[in-house]
Structures are given as structure tokens and as C-alpha cells.
**Q** 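For reference, the structure I am asking about is given below.
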There are 2 protein chains.
Amino acid sequence: MEIARPYLLFLGDVPDALAAKTAVGIVDWRKDWCIGQIRLPGCAADTGLSDMSISEGASAGAKTLVIGAVNAGGRLPDHWIASIVEALDSGLDIASGLHVRLGDISEIREAADRNNAQLHDVRHNSMTFATGKGTKRSGKRILAVGTDCSVGKKYTALAMDRAMSERGYKSSFCATGQTGIFISGRGISLDAVVADFISGAAEWLSPETEEDHWQIVEGQGSLFHPSFAGVTLGLLHGSQPDGFIVCHEPTRTKMRGVETPLPTIEQVIETTIQLGRLTNPAIQCIGIAVNTAALEDDEALAFLAKVGEKHGLPATDPVRYGMEAIVDKVSAEFGAP
Amino acid sequence: MEIARPYLLFLGDVPDALAAKTAVGIVDWRKDWCIGQIRLPGCAADTGLSDMSISEGASAGAKTLVIGAVNAGGRLPDHWIASIVEALDSGLDIASGLHVRLGDISEIREAADRNNAQLHDVRHNSMTFATGKGTKRSGKRILAVGTDCSVGKKYTALAMDRAMSERGYKSSFCATGQTGIFISGRGISLDAVVADFISGAAEWLSPETEEDHWQIVEGQGSLFHPSFAGVTLGLLHGSQPDGFIVCHEPTRTKMRGVETPLPTIEQVIETTIQLGRLTNPAIQCIGIAVNTAALEDDEALAFLAKVGEKHGLPATDPVRYGMEAIVDKVSAEFGAP
């Protein structure tokens, strides 16, 4: 799958910034691939790109309209369809990370057909997988886990991959969700795999490699989220991480989208080690990544110092303070590159 | 979905009895719906039904050939196709619990078309689900869990449902796998649901009901099986059981299909309570169901007595000694019907 660039990002009319995290993530990591954003009236998200109409985006050279926002459950709202059809009629391809397949909507399929355009559903895959085996593979793996959904697991994995590479480690990023696939150009949307093959798909995604190669695996969900914990556990077993990074958002009061209270960082560390030992008895926590965006600088630094000391682990905000402290931990535990 | 009866059971040439557990389960619970079995040379499984050719089965009045055996990964071996086509050409429908859809195989699709026959893929469903919410629902629920796959979770749930009904409780069986669907006529093959919706599908399967109605939910996999633990955890969270029964096979030395060692019953109880509390803080173990088929009667009774005493719980073999002891526990903990 090769998605034509540059992208024009469609944000719809989502009610908060988190719902547009796909678009925001693409801009954060591949801004040079993006030409502008489309926002419908009432949209509460903003990537910082120039607002454009579809015709303006097409005139500016956009090749693909990327649906960069998502509703709960991954559905496509009916009132977004007109924009998608207009983009197809303006000569663009469409790429979507929604659960629904673009081609299953007749207006979209017909518009794609008459314009000979591509419809990319990155959340779907046509591959078949074996069931997970749980056998130890060569190579080293790091998994991002979280106290909740949407707490920065993808950012953490991408930042860790970049920091490991800059330090001279052989490193690669393994995408498990739609935004990661847009950013990396490959991967599996793990939450769309048939349930029987979750851990098998995670094994395929992070295959046997050289013993000194690090695969940095994007996390999904949380072991403590009642909607998605099954995906999280299958990914943990399949990716058999040597090290994991706990991602956390300190102002969250309950799990995203449900009424369940948040677990503590300590609970996540203990439960991840307890369950992860099934496929990697040597699993350990190598750091804590906190999204401190809601805190002032001094509050953020104080919070990170407190959390780091409490758990005896490096604690950082990947966006604000980089990943050096956690790469140092990797070097101390597993050796220099 | 209404599958025409009587059934003719197809066992293929599977190498052991466990691989034909679908057929065996149908015969155990719905023998009066079954007319005979088809076995290819080399088949090591046996339901005890009369061996027939397809033409003999059709002459005897069979309406549906049920693929009652499964290979690892749920694939359909190429050399089974001729039998399926012959059954279609003899006027039978086909029902399958394999991962592969019957209609995706061109010879089968063409034979079904030319005979105007039904192809039932009970492992698939065309439903869409919401993501799980984790909110407490009215009604009572019991889930069968296991130290491994294929340790009697479906039998235990079916036997518990029957014993509860006989004791005067309002009770219903909730099928989560292909055999259970063949036996009950409804349900979801949970391992075929898209991973994001595992717990949501489990919530749909065991919906809000009268406070004194017991839903007995068939289990899937094991929290300690590296292939399937994600499905198990999503089912645990979605079914939010008030009570669970641990199923165990005492002669098993490692988890089915992989090299992972078996957990202890104690580990399963502790981990199920620990993780199940997320959606039902009052979750408790109500009994232990042991498949003692490999033990002599005195060994079986001694084993059950030892296990029951160790854990302070009723321990029984559902097939051999019934479920009365565990229904007694329900009565003691939750009240008489």
C-alpha cells in the first residue's frame, strides 16, 4: 500500500482535539507531507495547518484526502460523505483509518469508480495470520503501554525509535494503528484483526530479527480499559517485549469513553510484568512517559521527578523533554549500541 | 440463522479426538438431531454415530452436512472439498465452524449455487457491535474459564445451565463458539469478532435481563494461553460474571498447540478475580470443573476431593458427577431460586 502525497487532512466536525489525533499525529511527524486541513462547522480540533476548501487543496497539489478524525466506534458520519465525494470528484484519492470500509458506502464507491481513484482503508488488511505461538524470537523489543487509551503511546514509540537511532542503535518503529501506518507507511491496524489472531498478528509485526536490532512497538488500549484490554493483552503476548514504557496522562480522571476509574502507574507496571512474563520472563519496565501538556513547566518537572523517584525509573515527557533518559536506561540494562 | 436438521457430521481425517470436539459436542447434547458421521481414511476421531457415505446419509434424510472437525487456525484442507461438493450435489446444505468462509472456495460456491443450497458459516457473523462499556447490567452471570483451551468450558457451561434450570433457576446458555451455536441455535463466535469489539460483543451476548435470571456464558481460550488470552480477557470484561467456574484437565502438561507450561488452578482463580474486578468488583469463583476422563473412578474422586479442599470450593467433573455441588454453591452464595 502506497498512499500518494501530499496529504490534505480532513478533520470533520469532531467535538474535541483527541478525536483528531490521527491528523495531529501525521502533522507532528510528517508535516512536510501535509498541505492543509479541512474543517466542517463546529470542529473543535486544529492541526495548525492552513484551513482550506477541498478545491483549494486540490489546486495546491494535494493527492490524497486523509480522514484524520475518528468517531467512537470508528463509524463514518453521514454528513462527512459529501466532502469525500467532492474530494474524489476533484481528483484526490481517499485514505481512512475508520472501521467502516470506504468502498462499502455506495456514493463513495461510485465516485471513486467514475474518477478512477484509490480508496485506502488502513485500518483493514487483507492478510491472514497464524495464531500466536508465544515462542521467544531473536532481537530486542520495546512496547509502549498505557494507563488509558490516548495517553501518548504512539508518540512515545515514535520518539523512542528516533532517539534510539540517533544514539546509534539499530531501531525500527512497528505501527499497530492507523496513524502509525500513515506515518510509517507500513504496519497492521491490530484492533481490526480477527480476535483469534491478535497475538499472531503482533508476532508477524515484530518478527525474528538480528539480536542487536530493537523493534519499538506502538501500543494499543490499556490492560485496564474495559473496551480494549483484550487487544492490549494479545499485543503484549505477541510482541513479547524485553522492555516496556508506561504512558500516562496525569489530568485524566476516568478511562476514555467509559466510567471506569484510571489505574495507577504502579498497577500498570505490576500487571504488565505479571501477564507479559507468559511470553518473555525477562520483561521489565524501562521508563515512564507522561503527557504533561496540561501542566506548567515547573509542575511538569516536579511531577516527573516525583513519579521517577517513586518507581525508581526514568520519567519524561517525550514531546517536551525527549527520550534521552529512557535510552540511558536501555544502555544501562542492555548495553551500549 | 436456522440450520436444517437432521445433521450429518463430517469429521474429515483429523489426527486426534480433540480436533473433532465440535462433532462430539453436538452428539453429546443433541444426539437426536444427528443421523450419522462421515470419516475419511486416517481419521482418529469418532463420535459413536454410524459411519455413512454421503449418499447413505442423504438417503437416510440428512438435511445438513456439519463440518464437525477443525484444523489448527481453522483452515479447510483442500482434500475435504470433494466431500463437501458431493454433499451439495446430494441435496444437503453445509454448516461450518471453520474460519474460512465456505463461499470463498469457488468449487463450493458453484456447487451451492447450482443446487440452491445454504452455506452456514457459524464462526462468522454479519452483525456490528458497539465497543464495550464496562457498565454493570442487571441479571446474574456465570462464566466458564480454563487453565487451557479445550478443557471442557463449553460442557461445563451447558451442564451448569441444565442443572440450574432443573433446580428451578431461570437460566440460559450463551454460546461463544461454533459448537455452542450448533447446539443452542444462537450465539456469537467470539474469536471471529474484530478485536476492537470483543468485550462489546460479549456485552451484547449477555445483555441486561431480570435480576433473578442467570446467563451461563461459554468460555473461550485461557488468560494463560499465548494465542488466545486477548479473547479470554475481552470475554471476561464484557460478560462481567458474578461467578466463574475454573475448568481443568489434570493430565495436560503444556498449553494446547504451544510450548507454554500450564498455569495452576490457583493462578487462574487469582488472575481471573484480579482482572475481572474491572467490570464486576464482586466477581468470585464458585467452583472447579475437572475433566477426569483420563482417570479411574477412585483417582478421579480423590483428585476432586483434594482440589476442592485445597481451594475451599466445590470440585466436580460435569460429565461424570454432575453440577449439583456447584449449583449448591450458587444457592449458598446468591440464594435459592
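So you know, we letter chains A, B, ... as the sequences are listed, proteins then strands, and number each from 1. From a predicted model like this one, the values you see are computed outputs, not experimental measurements.
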**Q** Looking at A:S227, is its backbone amide N or carbonyl O close enough to the side chain of B:T131 to form a donor-acceptor pair, meaning the two atoms are under 3.5 Å apart?
**A** no
**Q** Could you have a look at A:L233, A:D191, A:L190 and say which one has the most heavy-atom pairs with chain B under 4.5 angstrom?
**A** A:D191
**Q** Relative to chain B, which of A:G134, A:S199, A:A202 shows the most heavy atom pairs under 4.5 Å?
**A**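 The residue among A:G134, A:S199, A:A202 with the greatest pair count is A:S199.
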**Q** Can you see which heavy atom on A:V194 is nearest to which on B:A192, and at what distance?
**A**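 Heavy-atom minimum between the residues: CG1-CA, 3.5 Å.
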**Q** Among the options A:V258, A:T279, A:L236, pick out the one with the most heavy-atom pairs lying under 4.5 Å from chain B.
**A**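 If we count pairs closer than 4.5 Å to chain B, A:V258 comes out on top.
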**Q** Show, in sequence, the C-alpha distance, side-chain angles and deciding distance for B:H225 and A:L278, and conclude whether the side chain to side chain contact (heavy atoms under 4.5 Å, CB included) test is met.
**A** CA-CA 8 Å; B:H225 197 297; A:L278 188 74; over 6 Å; no
**Q** Could you tell me which portion of A:Q274 (side chain, backbone, both or neither) has an atom closer than 4.5 angstrom to a non-hydrogen atom of chain B?
**A**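 Answer is side chain: those atoms of A:Q274 sit under 4.5 Å from chain B.
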**Q** Is the closest side-chain heavy-atom distance between A:L223 and B:L275 below 4.5 Å?
**A** no
**Q** Under 6.0 Å from the CG atom of B:D78, do we count more than 12 heavy atoms belonging to anything else shown?
**A** no
**Q** Which distance, rounded to the nearest 0.5 Å, do you find between the CG of B:D196 and the CZ of A:R123?
**A** 6.0 Å
**Q** What are the two closest non-hydrogen atoms of A:G257 and B:K133, and how far apart are they?
**A**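 So the minimum-distance heavy-atom pair works out to O-NZ, 3.4 Å.
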**Q** Rounded to the nearest 0.5 Å, what's the gap from CZ on B:F224 to CZ on A:R277? Could you check?
**A**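 The CZ atom of A:R277 is 12.0 Å from CZ of B:F224, to the nearest 0.5 Å.
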**Q** Heavy-atom distance under 4.5 Å to chain B: side chain of A:T260, backbone, both or neither?
**A**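 Contact with chain B: side chain only.
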**Q** Side chain, backbone, both or neither: which part of B:Q240 has an atom under 4.5 Å from a heavy atom of chain A?
**A** neither
